[in-house]
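Below, chains carry the letters A, B, ... as their sequence lines are ordered, and counting in each starts from 1.
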Amino acid sequence: MVCLKSVSANPFGVFRGQCVTLLSRAMQDIFPSVVIQPMSLAIPPNPQFGQLSSSVCFEIAKKLHKNPRDIAKQIEKEAEAAASSFTLIEKVKAEGQGYINFYIDLARFSQLTLESARTLDTEYGFVKTSKPERVIVEHTSANPIHPIHIGHGRNSVLGDALTRILKAQGHEVSAHYYVDDVGRQSALIAYGYKLLGKPEPEGKPDHFIGAIYAITNCLLEIRRLKERLENARSTPGAEEEVRDLQRRLDEWVSIAAGLKEKHPDLFNKLLEEISKAESPELEVNLLLQRYEAGEEETKSLIREFSQLCLEGFKQTLARAGISVDSWDWESMFVWNGDVARCLDELKKTPFVFEEGGVLEFDAEMVAQTLGLKEAFGVKPDQEIPSLTLVRADGTTLYTTRDISYSLWKFKRADRVINVIGMEQKLAQLQLKMALCALGYVKEARNLIHFSYNLVRFPGQRMSGRKGRYVTFDEVMDEAVARAYEEVSKRSPQLPNETKHKISEVVGIGAIKYALVETDPQKHVVFTWDKVLNFETNSAPYIQYSHARACSILRKAGKQNRKVDAAVLKEPLERDLVLMISRFPEAFIDAADNLKPNIIADYANALADKFNTFYAALPVLKADSPELANARLMLVDAVRITLRNALILIGIKAPQRM
RNA sequence: GGGCCCGUGGCCUAGUCAGGAUAGGGCGUCGGCCUCCUAAGCCGAUAGUCGAGGGUUCAAAUCCCCCCGGGCCCGCCA
């Protein structure tokens with residue numbers, strides 16, 4: 001007799017376990033010679049087929065050359081006799097073409113599920129791992145050169161959800177932001193910032209820095225294109241090139257017009273200064289070299305505006321409810337010698353060579369020599385391009401510095417998850433090969449590139465360089481404003497301060513949900529419609545369901561602790577109980593496979609079931625006090641589960657809306 | 001040219017890794033439901049050759065092959 005505990009971290013898992021045990025025993029008794037692994041059970045398409053089912057008979061039938069229905073019947077007979085010793089199994093049936101269907105003992109199961117949710121409360125669903133690890137999730141890491149746009153937002157939201165989910169699973173997780181201050185882009189903005197005489201920011205600092213960046217970049221781009229165009233024009237037979245350059249120049253000129261209109265003062269000042277400049281490109285390169293070399297004046301220059309920009313980011317992220325535990329400056333790894341040491345180590349390997357004054361890393365050779373291709377998902381005959389480690393002028397490249405950074409992260413973590421766009425897939429692979437070359441094969445295998453697709457506008461991609469993006473800030477402003485309208489319309493009686501609080505939670509929830517609900521591998525086309533969705537399949541819908549549950553509970557007052565869940569017999573109640581009971585399995589799936597969208601999906605499905613229940617069955621005015629009590633406990637379990645699911649994807653659950 | 005990702009009703013999307021019963025949702029459109037716990041809701045209707053073709057299998061949206069369409073990467077950018 002399996003003992004019936006009153007609380008389980010994973011109620012549906014208990015039922016599943018009982019079914020697996022029962023089925024395995026039955027099979028062993030009847031077909032001791034047949035070995036079938038693994039014994040997986042599926043949720044049938046319709047509750048009329050029970051709550052779990054096995055298609056194992058089809059496999060046995062094949063091996064024994066028998067009819068699957070006959071085998072199912074045999075197993076049914078054997079299992080039916082043993083079922084009574086499993087507390088949560090009501091009956092076992094052979095059905096269809098040869099399925100074994102398991103029917104749950106709803107009365108006991110409801111009791112177990114609702115009791116578990118109520119008792120575990122804020123921990124319900126968060127099934128702990130047996131192997132806690134130290135995990136670093138690197139996310140956002142937007143360059144401190146322009147505001148965080150909605151494309152980065154997807155990164156932040158996914159990274160934050162992963163952080164929350166893995167923490168809930170019992171890992172020691174830390175969210176890291178890699179501040180890329182060493183690249184050419186930072187040098188570029190340093191150039192513009194200096195020309196302007198290090199101005200005090202007007203407005204939000206990251207927006208201000210972003211304007212300087214966009215204008216400087218644009219003006220230099222135009223200047224460069226004009227020079228090339230002149231060259232091409234004087235070259236015979238380059239008509240094609242001339243046309244291409246002219247087209248690109250036209251595009252940048254129109255971008256310039258837009259920037260001039262938006263930031264006339266900054267634009268004109270920069271235009272004036274850059275027109276006077278002898279060789280801006282050279283100056284930018286010089287700034288980059290000086291910064292890498294740790295030259296004091298350049299250091300303070302770049303750190304100054306980077307810091308300003310980060311202040312803006314911190315405001316944005318704080319408003320979005322996304323936290324960062326560590327801000328890791330890329331320059332630190334250059335200045336403290338880590339990058340140089342790392343390069344020295346790499347040079348000692350046979351995988352580094354010099355070509356035309358630059359240092360190259362032969363990732364292909366590493367993969368071949370150490371036999372790594374299969375383990376890292378590379379086809380045997382696919383050649384991995386080599387990676388440039390050091391420029392001719394002695395400065396390093398992004399991926400080079402990332403090698404040092406990765407080693408630094410692995411001193412602090414067992415597993416590192418990099419939330420980085422999928423366009424960097426090759427660079428991440430080269431990085432892993434470099435780690436392997438240095439002897440860190442285990443680390444390379446524990447380095448996970450959590451890739452995601454871009455957020456794009458209909459027809460075009462966002463571009464920081466061209467200043468073509470919608471900022472995370474403006475999306476939040478818009479969503480919150482929209483939410484405020486809704487709240488005012490629906491709950492005019494609430495105090496204004498409360499309305500604002502609710503709008504903030506709802507508007508920002510809507511955005512985060514829209515970014516987390518889609519499979520990361522698919523691109524998201526940004527439309528206000530999608531982000532401002534307040535109907536079914538949105539955060540507001542789930543939040544609303546939660547608020548409705550809270551409302552019932554509030555009106556009910558103090559709950560009775562002694563509840564008999566056996567009185568919940570309606571199909572809608574059964575569906576709800578089952579849905580609640582499956583939250584822990586959904587959680588495990590999401591955590592083990594790093595799929596936050598499973599949680600979003602789950603929450604929406606539970607809200608759906610709850611709203612159906614809400615419309616169909618009265619709680620406070622149920623037919624009997626016993627039934628009312630049981631339904632209240634059910635509603636409470638819904639509330640707990642919805643709230644916990646939302647927390648995992650970083651969305652707050654308001655009690656009123 | 002090579003590699004990776006995506007392709008599911010008019011639009012968006014789950015399911016694909018671990019193949020199973022009638023492919024779930026949402027938006028839209030059309031029609032209903034507030035003297036009753038919040039109508040950001042509920043109920044019903046509408047709409048699908050799961051990109052195409054082949055193969056494996058008792059069984060394919062799911063696995064294999066080939067092709068088509070879209071995106072990304074193959075930089076002394078990040």
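- For A:Asn537, whose side chain is taken as the heavy atoms from C-beta onward, the closest listed nucleotide among B:A14, B:G25, B:C37 is B:G25.
- Taking atom P in both B:G25 and B:C68, the straight-line distance is 36 Å, to the nearest Å.
- Checking B:C77, B:G3, B:C73 against the side-chain heavy atoms of A:Arg184 singles out B:C77 as nearest.
- Proximity of A:Lys425 to the phosphate of B:C72: no side-chain N or O atom is located under 4.0 Å from OP1 or OP2.
- Closest contact between the side chain of A:Asp601 and the listed nucleotides B:A14, B:C5, B:G41 involves B:A14.
- Scanning atom types as modelled, one donor and one acceptor separated by under 3.5 angstrom connect the side chain of A:Asn101 and the base of B:A21.
- Of the candidates B:G41, B:U22, B:U38, B:U22 carries the atom nearest the A:Phe49 side chain, counting heavy atoms from C-beta on.
- Summary of the strand contacts: A:Ile598 and A:Arg656 both lie near RNA chain B, and taking for each the nucleotide with the nearest heavy atom, the more 5' one is attributed to A:Ile598.
- Out of B:C72, B:G15, B:G41, the shortest distance to the side chain of A:Tyr541 is found at B:G41.
- With centres under 5.5 Å and a plane angle under 30° as the test, the ring of A:Tyr614 is not stacked against the base of B:G41.
- At B:C43, one or more side-chain N or O atoms of A:Thr612 fall inside 4.0 Å of OP1 or OP2 (strictly under the cut-off).
- Taking atom C1' in both B:A14 and B:G7, the straight-line distance is 15 Å, to the nearest Å.
- Heavy atoms of A:Ser55 sit under 4.0 angstrom from at least one base atom.
- Among B:A39, B:G3, B:G7, the nucleotide with an atom closest to any side-chain atom of A:Tyr544 is B:A39.
- Of the N and O atoms on the side chains of A:Ser306 and A:Asp181, not one donor lies less than 3.5 Å from an acceptor on the other residue.
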